[in-house]
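For reference, positions follow the sequence shown, starting with 1.
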Amino acid sequence: MKTQTVSSFVLANATRSIISKAQADLVKAQQEATTGFVFDTGLALGSRTGQSLSLRKEHDRLSVLTDSNKLLAERMTTSQNALSNAVKGSQDFLGTIIAMRGSGQGHEVAANAAKGLLQTATSLINTSFNGEYVFAGVNTDVKPLGDYDAAGNPARAAVLQSFEDHFGFSVTDPQVSTITANDMKVFLDGPFASEFDAGSWSDNWSSASDTLIKSRIAPTELAETSVSANNAGFRKMMMSYTMVAEFANIGLSQGAFDTVIVKAIETTTEANATLPGVQSVLGTAQARTKDATDRLEVQLKVLNSSVIGLEGVDPYEAANRVEALRTQIDASYALTVKMQSLSLLNYLK
């Protein structure tokens with residue numbers, strides 16, 4: 001019988017090849033055990049790879065919409081909070097000025113209250129979220145209102161100029177005491193009111209856009225998800241604060257002062273009737289966005305299940321393969337060590 005010989009070189013190369021393949025298989029098995037998905041989609045699915053890619057693409061698209069809707073919901077919540085505070089301030093102001101009507105006292109109190117609320121309202125209208133102004137319409141990078149009391153503010157300059165043009169003297173002139181109730185009414189209903197018309201408001205007061213933000217809240221659904229500082233409710237509210245702040249404590253006669261208060265009550269009441277309607281419209285957009293997000297999340301679950309059905313692997317089976325391959329590699333290393341220790345000299349001693 002002839003003895004077959006196998007060189008140690010051949011055996012060493014054989015174990016090296018086994019180790020190399022086992023290490024490559026281990027990398028794949030470890031990824032599958034970690035991710036729960038097949039290592040090579042094309043190899044595993046073959047002709048169904050296109051279906052898997054389509055499902056993943058749709059999943060990614062809906063995920064982006066879901067994430068943007070969550071940010072959108074936070075943005076609208078910020079807007080609602082600012083609106084609520086603006087409405088509360090306006091309602092409190094209404095109670096204050098009603099108490100002042102017919103009173104010869106408190107002119108300074110009324111003016112100071114209006115000045116404070118004018119600053120507060122400006123701050124609320126300039127509310128920002130995530131670096132964007134929520135009441136700026138599509139001009140989200142531009143602050144809607146400037147500081148009314150700042151030097152050179154065009155809004156205040158226009159208001160004071162309209163007073164001077166109408167009466168022939170400034171608000172600091174002692175002649176203000178000669179203004180009659182009727183004269184003040186004509187001014188407030190005419191030149192002063194025109195400063196809060198849409199055109200003058202955009203020219204002197206607001207940098208906001210009338211165009212509201214339309215957001216895609218679902219693949220086939222758009223919603224207006226913002227409020228503009230140019231809304232009539234905001235303009236009426238600022239008109240009330242401005243007239244009391246500027247004219248309540250300049251030395252008017254009681255009749256002219258009462259005319260200011262009556263007009264402020266009228267415009268504040270209009271603002272208080274308009275702004276809650278704005279909140280309601282925004283609330284409808286919030287509800288639509290939530291409903292759309294809920295639907296998207298259901299669709300995402302279905303898509304995720306479909307992808308898992310195509311690409312998913314049994315995590316226990318993948319873990320067992322990892323352990324088996326590690327055992328195989330350890331055994332191969334041990335065999336390689338044994339092979340490398342073989343020497344003819346060991347048998348010639």
Distance check, rounded to the nearest 0.5 Å: Gln80 atom CD versus Gln286 atom CD?
4.5 Å
Without swapping roles, check the side chain of Ser253 against the backbone of Ala256 for a donor-acceptor pair under 3.5 Å.
yes
Would you please test Val227 and Leu212 for side chain to side chain contact (heavy atoms under 4.5 Å, CB included) and show each step?
CA-CA 6 Å; Val227 175; Leu212 302 180; 5.5 Å; no
Give me the atom names and distance for the closest heavy-atom approach of Val87 to Asn272.
O-OD1, 4.3 Å
What residues, two or more places apart in sequence or in another chain, satisfy side-chain hydrogen bond (donor to acceptor under 3.5 Å, both in side chains) together with Tyr148?
Glu246
Report yes or no: do Leu252 and Leu160 belong to one cluster of Ile/Leu/Val/Met/Phe/Trp/Tyr joined by side chain heavy-atom distances under 4.5 Å?
yes
For residues 270-290, which residue pairs pass the salt bridge (Lys or Arg N to Asp or Glu O under 4.0 Å) check, not counting sequence neighbours?
Glu221-Arg288, Lys236-Glu270, Lys290-Asp294
Exam field: side chain Thr122 to backbone Leu118, donor-acceptor pair closer than 3.5 Å:
yes
How does the hydrophobic cluster around Ile213 look, that is, which other residues are in it when side-chain heavy atoms under 4.5 Å mark a link?
Val138
Write out all pairs satisfying ring-ring contact (aromatic ring centres under 6.0 Å, His included) with one or both partners inside residues 214-245, taking only residues at least two apart or from two chains.
Phe93-Tyr241, Phe135-Phe234
Does anything in residues 66-79 form a side chain to side chain donor-acceptor pair (under 3.5 Å)? List the pairs, not counting sequence neighbours.
Asn69-Thr293
Using every non-hydrogen atom in the two residues, find where Ser240 and Ala264 come nearest and quote the distance to one decimal.
OG-O, 3.4 Å
Just by modelled atom types, is the Asp147 backbone N or O under 3.5 Å from a matching donor or acceptor in the Asn153 side chain?
yes
Verify, without hydrogens or angle tests, whether Ser206 (side chain) and Ser202 (backbone) share a donor-acceptor contact under 3.5 angstrom.
no
Please answer whether the main-chain N or O of Lys143 pairs with a side-chain N or O of Asn126 as donor and acceptor at a distance below 3.5 Å.
no
Any residue meeting salt bridge (Lys or Arg N to Asp or Glu O under 4.0 Å) with Glu164, in chain and number order, not counting sequence neighbours
none
Under a 3.5 Å threshold, yes or no: a donor from one side chain and an acceptor from the other, between Ser90 and Thr268?
no
Pairwise ring-ring contact (aromatic ring centres under 6.0 Å, His included) hits with a residue in residues 244-293, at least two apart
His107-Phe257, Phe163-Phe247, Phe187-Phe247, Phe192-Phe247
If you measure from CD1 on Ile265 to CD1 on Ile97, what distance do you get to the nearest 0.5 Å?
5.0 Å
All side-chain hydrogen bond (donor to acceptor under 3.5 Å, both in side chains) counterparts of Ser194, not counting sequence neighbours
none
Salt bridge (Lys or Arg N to Asp or Glu O under 4.0 Å) contacts in which one or both residues fall within residues 86-97, not counting sequence neighbours:
Lys88-Asp92
List the atom of Ser226, the atom of Leu282, and the distance in Å for their closest heavy-atom pair.
N-CD1, 4.3 Å
Going only through I, L, V, M, F, W and Y residues with side-chain contacts under 4.5 Å, is there a path from Met239 to Val262?
no
Where at least one partner belongs to residues 191-216, residue pairs that pass salt bridge (Lys or Arg N to Asp or Glu O under 4.0 Å), sequence neighbours excluded:
none
Any salt bridge (Lys or Arg N to Asp or Glu O under 4.0 Å) involving residues 108-128? Give me the pairs, sequence neighbours left out, ordered by first then second residue.
none
Looking only at heavy atoms, what is the nearest atom pair of Pro219 and Leu296, with distance?
CD-CD2, 3.9 Å
Donor-acceptor under 3.5 Å (Thr180 side chain, Asp183 main chain)
yes
I'd like to know whether Asp173 forms a side-chain hydrogen bond (donor to acceptor under 3.5 Å, both in side chains) with Ser170, so could you lay out the CA-CA distance, the side-chain angles of the two residues, the decisive distance to 0.1 Å, and finally the verdict.
CA-CA 5 Å; Asp173 193 297; Ser170 70; 5.3 Å; no
Arg101: partners by side-chain hydrogen bond (donor to acceptor under 3.5 Å, both in side chains), with sequence neighbours left out:
none
